K.L.:
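Take a look at the following structure, please.
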Amino acid sequence: MKAILVTGNNGPDSLELRDVPEPIPAPNEVVVRLQAAGLNFADVRAAQGKYPGGPEAPFIAGREFAGVIESTGERVMGYSQQNAFAEQIASPRNLLFPVPSQWDFEHAAAFPVNYLTAWLAYWKAGLVKDEINDSSPVSPTPRKRVLIHAAAGGVGTAAVQIGRQLGLEMFGTASSQEKISRLRELGLTHPINYKQEDYEERIAEITHGEGVDAVLDGLGGEHTGKSIRCCGFLGRVILFGSATGENPKVNLGSLYIKGTSLHGLWLSKLVSKTELIAAALRSMKPWIESGSIQPQVGAVLPLEQAAEAYRMLLERRNFGKVVLRVD
Ligand SMILES: NC(=O)c1ccc[n+]([C@@H]2O[C@H](COP(=O)([O-])OP(=O)(O)OC[C@H]3O[C@@H](n4cnc5c(N)ncnc54)[C@H](OP(=O)(O)O)[C@@H]3O)[C@@H](O)[C@H]2O)c1
């Protein structure tokens, strides 16, 4: 079968379309014939040899996909650590989820990582509940505020859509006016072009110094310290990535001042919590069925053009998800 192999640590230049053996499923796995696969920032980092704990080259890239189970014909979307940029994948059954009937495979391939990560970030922030493990109601009043970094990205657009369903007042950062306009259309309350204005000052101004209740931080570097300062009393910063390529720069002592807390989130680990993932999917189901949340697919490229897809993410040219079509 055809697959995108990462052959070294040179990012897009290390990707090669190769013929590789078809996967042999383990006893708990089924083979999925892929139709589409979603590209994640983690894939870009992994092809640079910079993904923490990531596989060493050579390996088949890709961590989310949509297709058909060979033995049953079911339409599924799935999550995996690697091996998704290929014609087939062997996947454990518990990491496969049914594709909503109104979605094509390209939208389905854009769902698992972004929406599960965004939902889990809100859960960590105490803004959405896992009905099984948490019986406390999420209070709808007063209206809660969230800051979403890289709001025009994959996780960012998912967080905007979910935040809208949760009735949040949302602040979101992006680097260009085009992204800002599209985010406004998506329902983001306060888009901020951080190349033109300081988001920390702007949030203080709009909230009259009260700050936000939560920050979704996939950037790291100096943004994590700023995120803490954007929080109001008892705010929570959910740290799930370092798209800046830098470790978070944080003065932990600054957490005392407003009782702020800093939470880590890694889907690779949380995905093994089957009940939690089921709760996330149950919580999002009505929004999916009503069409209120729908993965933002910014571009679709054939598998052969994986290198160009990686460059789009590296050069920050994507809005939402870049999807690879597997023909
Ligand atoms: N922990 C987890 O389980 C988990 C799961 C999914 C994603 N993540 C992380 O979440 C972050 C977002 O992932 P994603 O797949 O949704 O990617 P993405 O948002 O589609 O792309 C990253 C965005 O980050 C912004 N950015 C800021 N500084 C950047 C820099 N120096 N280089 C490149 N981009 C920069 C860019 O937006 P602007 O142009 O608007 O600045 C860019 O579009 C990544 O750090 C990723 O590793 C973590």
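This is a predicted model, so every value here is computed, not measured.
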K.L.:
If we only count heavy atoms from C-beta on, is the Leu234 to Lys258 side-chain gap below 4.5 Å?
P.N.:
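SC-SC contact between Leu234 and Lys258 ruled out.
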
K.L.:
Check the pair Arg93, Glu74 against salt bridge (charged side-chain N to carboxylate O under 4.0 Å, His left out), reporting the backbone distance first and the verdict last.
P.N.:
CA-CA 12 Å; Arg93 206 63 179 80; Glu74 287 166 80; 2.7 Å; yes

K.L.:
Distance only, no hydrogens: is a donor on one side chain within 3.5 Å (strictly under) of an acceptor on the other, for Thr244 and Ser242?
P.N.:
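No - no donor-acceptor pair under 3.5 Å links their side chains.
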
K.L.:
Tell me if the CZ atom of Arg164 is crowded by more than 12 foreign heavy atoms within 6.0 Å.
P.N.:
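No, the 6.0 Å shell around CZ holds no more than 12 heavy atoms from other groups.
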
K.L.:
State whether a side-chain donor-acceptor pair under 3.5 Å links Asn40 with Lys321.
P.N.:
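Yes - a donor-acceptor pair under 3.5 Å links their side chains.
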
K.L.:
Ignoring hydrogens and angles, state whether a donor on the side chain of Arg45 or Gln48 is under 3.5 Å from an acceptor on the partner side chain.
P.N.:
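Per modelled atom types, Arg45 and Gln48 side chains form a pair under 3.5 Å.
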
K.L.:
Spell out, as yes or no, whether a donor-acceptor pair under 3.5 Å connects the side chain of Gln102 to the backbone of Ile288.
P.N.:
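Yes: the side chain of Gln102 pairs with the backbone of Ile288.
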
K.L.:
Going by atom types only, do His190 and Glu169 share a side-chain donor-acceptor pair under 3.5 Å?
P.N.:
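The criterion, which ignores hydrogens and geometry beyond distance, is satisfied for Glu169 and His190.
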
K.L.:
Is there a side-chain contact between Arg282 and Lys285, using heavy atoms and a 4.5 Å cut-off?
P.N.:
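Result no, sub-4.5 Å side-chain heavy-atom pair not found.
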
K.L.:
Do Arg63 and Tyr51 meet the cation-pi criteria used here (NZ or CZ under 6.0 Å from the six-membered ring centre, within 45° of the axis)?
P.N.:
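Cation-pi check for Arg63 and Tyr51: passes.
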
K.L.:
Between Ser283 (side chain only) and Ala279 (backbone N and O only), is there a donor and an acceptor less than 3.5 Å apart?
P.N.:
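Absent.
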
K.L.:
To the nearest 0.5 angstrom, please state how far the CZ atom of Arg317 sits from the CE atom of Met312.
P.N.:
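The CZ atom of Arg317 sits 5.5 Å away from the CE atom of Met312.
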
K.L.:
To the nearest 0.5 Å, how far apart are CH2 in Trp103 and CZ in Arg75?
P.N.:
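Taking CH2 in Trp103 and CZ in Arg75, the distance rounds to 10.5 Å.
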
K.L.:
Under 3.5 Å, is there a donor-acceptor pair linking the side chains of Tyr79 and Ser91?
P.N.:
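Note: Tyr79 and Ser91 side chains miss the donor-acceptor criterion.
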
K.L.:
Would you say the ring centroid of Tyr199 lies under 6.0 angstrom from that of His149?
P.N.:
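Centroid separation for Tyr199 and His149: below 6.0 Å.
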
K.L.:
Quick check on the hydrophobic clustering: are Val30 and Val326 connected, directly or via other members, by side-chain heavy-atom contacts under 4.5 Å?
P.N.:
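Val30 and Val326: one cluster.
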
K.L.:
Taking the side chain as every heavy atom from C-beta outward, state whether Val76 and Val32 have any pair of such atoms under 4.5 Å apart.
P.N.:
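Heavy-atom side-chain distance check passes, below 4.5 Å.
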
K.L.:
Say whether Ser176 and Glu178, considering side chains only, have a donor N or O and an acceptor N or O under 3.5 Å apart.
P.N.:
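No, because no side-chain N or O of Ser176 sits under 3.5 Å from a partner of the opposite role on Glu178.
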
